[in-house]
Amino acid sequence: MSSLQESIQKDQQDLLYHFREQFYFPFDQEGSLYYFCGNSLGLQPRRTQDYVLQELKDWSEFAVEGHTEALRPWVHYHEFLTEPMAQVVGALPHEVIVMNTLTVNLHLMMVSFYNPGKRRNKILIEYSAFPSDRYAIESQIRYHGLDPKETLIVLQPNQDNDYVSIENVSLTLEKYGEEIALVLIGSVNYYTGQAYSIPQITKLAHQYGCRIGFDLAHGAGNLLLNLHNDGPDFAVWCSYKYLNSGPGSLAGCFVHERHADNFDLPRFTGWWGHNKIDRFKMSAQLELMRGAEGWQLSNPPILPMACMLASLQMFSEAGMKNLRMKSLSLSRFLIQLLQSINHSKIKILTPINDEERGSQVSIQIQGGDKSIYTSLKHSRIIADWREPDVIRVAPVPLYNSFQDVFYLYDSLKSILEKNG
Ligand SMILES: *Cc1c(COP(=O)(O)O)cnc(C)c1O
């Protein structure tokens, strides 16, 4: 069977195939484009507009009364998101809250979980951490009067493959563990696409008495997560990448149950963290809610929450287990096809082992320049370019097909052949 036939057969056997029709794809005169940027901005579900229009309608009809009279009353709108979001990340409902945006939540979590002492004051991060995370972390360090140069420890990659192995994490913790206050790791490295083992790293960090948090920007809605059982202290993630909730939409935050009643943790607070039963009595005395809800600051924006509700519903319908299975099958198919291109320029940066990758595949074009990416664009493929020589693609199980993956491979192959 040819690879094209194989892709057609895989699509026919795919039980999630029908979800693809429930999204808007960007298009040009020739039709829909091939979209592989779900790791950057997820596509718009067709039902999202209905959810947003409902809120605009309720606002026009009820105005202030919409807080209680809207079809989905605004005062507790975020609660509609809690259960489906908790399912996506494998948490208990009271461990999860949707609020703010990702970097804001990261700051709030560091306020609570980075409490540098005299001896234990360092933060351990992965190499090539996302810039925003790094800026946030360094500013927190300075906020405590410390110097990032001395306080930030960076996990180094293996020399031969750019990954951070669990042995590396273990050795680093053995060396610095007693000085590390907080370990902060992305679940999938945005550059290599390596997925770190949350249970293993969490266990190691806790063995050395460190607090540990994960940035799940590239993990939520992508990996099969089990935050409650794995037990990190906190996690944060955005919803506009794999969670298809629209540009700049709200973010998620997880605080493990063991901290649910710990009101002594330092934290920045606002009225939305106050006991919701009598929030509107406007008492001067703050009475924090238990669990993740107690970290809320503000009356949240309903329109992006409506986008999120529409999208999370699709995740509930599809199920994370099924999505993860299809995602692995898509990326495995892509990797196999790429490996069959006998071209010295191509190097797959992403781990071949299923457990060590998410939906993203990073392809390094050694000695190549951006022209290959531009040619892909001319072939109507939307991918992502990282200087100096990496193309990132994310076959997303909710809306990408095996035929999409075949088309990507086939186009890349002819471009490389033309370029010699
Ligand atoms: C996408 C991403 C961000 C973006 O942060 P925002 O606050 O949503 O702008 C931060 N960190 C990581 C790891 C990301 O992948």
Side-chain angles (χ1 to χ4, degrees), residues 36-43 81 85 88-89 97-111 113-114 123-141 152 154-155 157 162-164 182-196 198 201 212-223 225 227 232 234-254 268 295-298 300-301 303-305 307-308 311 349-350 357-362 382-387 390 392-394 396:
F36 288 101
C37 257
N39 56 333
S40 194
L41 183 70
L43 294 180
L81 304 169
M85 189 53 108
V88 165
V89 296
I97 184 72
V98 169
M99 60 179 187
N100 313 312
T101 47
L102 172 54
T103 308
V104 175
N105 288 348
L106 184 56
H107 272 296
L108 292 178
M109 289 295 103
M110 283 193 281
V111 165
F113 295 105
Y114 174 51
I123 300 187
L124 177 67
I125 60 168
E126 64 193 297
Y127 95 104
S128 84
F130 197 85
S132 185
D133 297 28
R134 185 139 184 166
Y135 306 152
I137 292 163
E138 291 187 356
S139 73
Q140 287 279 338
I141 290 173
L152 201 55
V154 179
L155 272 173
D162 288 332
Y163 309 151
V164 177
L182 175 66
V183 178
L184 189 61
I185 309 282
S187 58
V188 178
N189 183 279
Y190 82 101
Y191 181 71
T192 61
Q194 181 191 2
Y196 298 110
I198 295 179
I201 298 181
I212 175 154
F214 285 89
D215 183 333
L216 302 176
H218 288 267
N222 175 8
L223 303 173
L225 297 166
L227 291 182
F234 71 87
V236 291
W237 59 93
C238 56
S239 68
Y240 48 81
K241 292 174 180 166
Y242 290 101
L243 289 173
N244 311 323
S245 300
S249 195
L250 286 152
C253 184
F254 163 90
F268 290 166
W295 269 268
Q296 292 176 106
L297 301 178
S298 296
L303 300 181
M305 282 196 173
C307 295
M308 205 180 218
S311 165
L349 291 185
T350 307
R357 67 170 194 277
S359 293
Q360 175 188 321
V361 178
S362 301
I382 302 187
D384 180 81
W385 174 256
R386 287 287 128 166
E387 292 293 345
V390 175
R392 298 187 308 169
V393 291
V396 168

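In each ligand, atom 1 is the first atom listed, and ligand 1 is the first ligand listed. This one's a predicted model, so the numbers in the text were calculated from it and none came from an experiment.
- The CG atom of L102 sits 12.0 Å away from the OG atom of S249 when rounded to the nearest 0.5 Å.
- Atom OH of Y127 sits in a crowded spot, with more than 12 heavy atoms from other residues, nucleotides or ligands closer than 6.0 Å.
- A distance-only check finds no donor-acceptor pair linking the side chain of Y163 to the backbone of A195 [under 3.5 Å].
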Where do L243 and W237 land on the side-chain contact (heavy atoms from CB on, under 4.5 Å) test, with the steps shown first? CA-CA 10 Å; L243 289 173; W237 59 93; 3.8 Å; yes
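- Residues of the protein with a heavy atom under 4.0 Å from ligand 1 are L102, T103, F130, D133, D215, A217, H218, Y240, K241, listed by chain and number.
- With hydrogens and angles ignored, the 3.5 Å screen pairs no side-chain donor or acceptor of S245 with any backbone N or O of Y240.
- Considering only heavy atoms from C-beta on, N222 stays 4.5 Å or farther from Q360 through its side chain.
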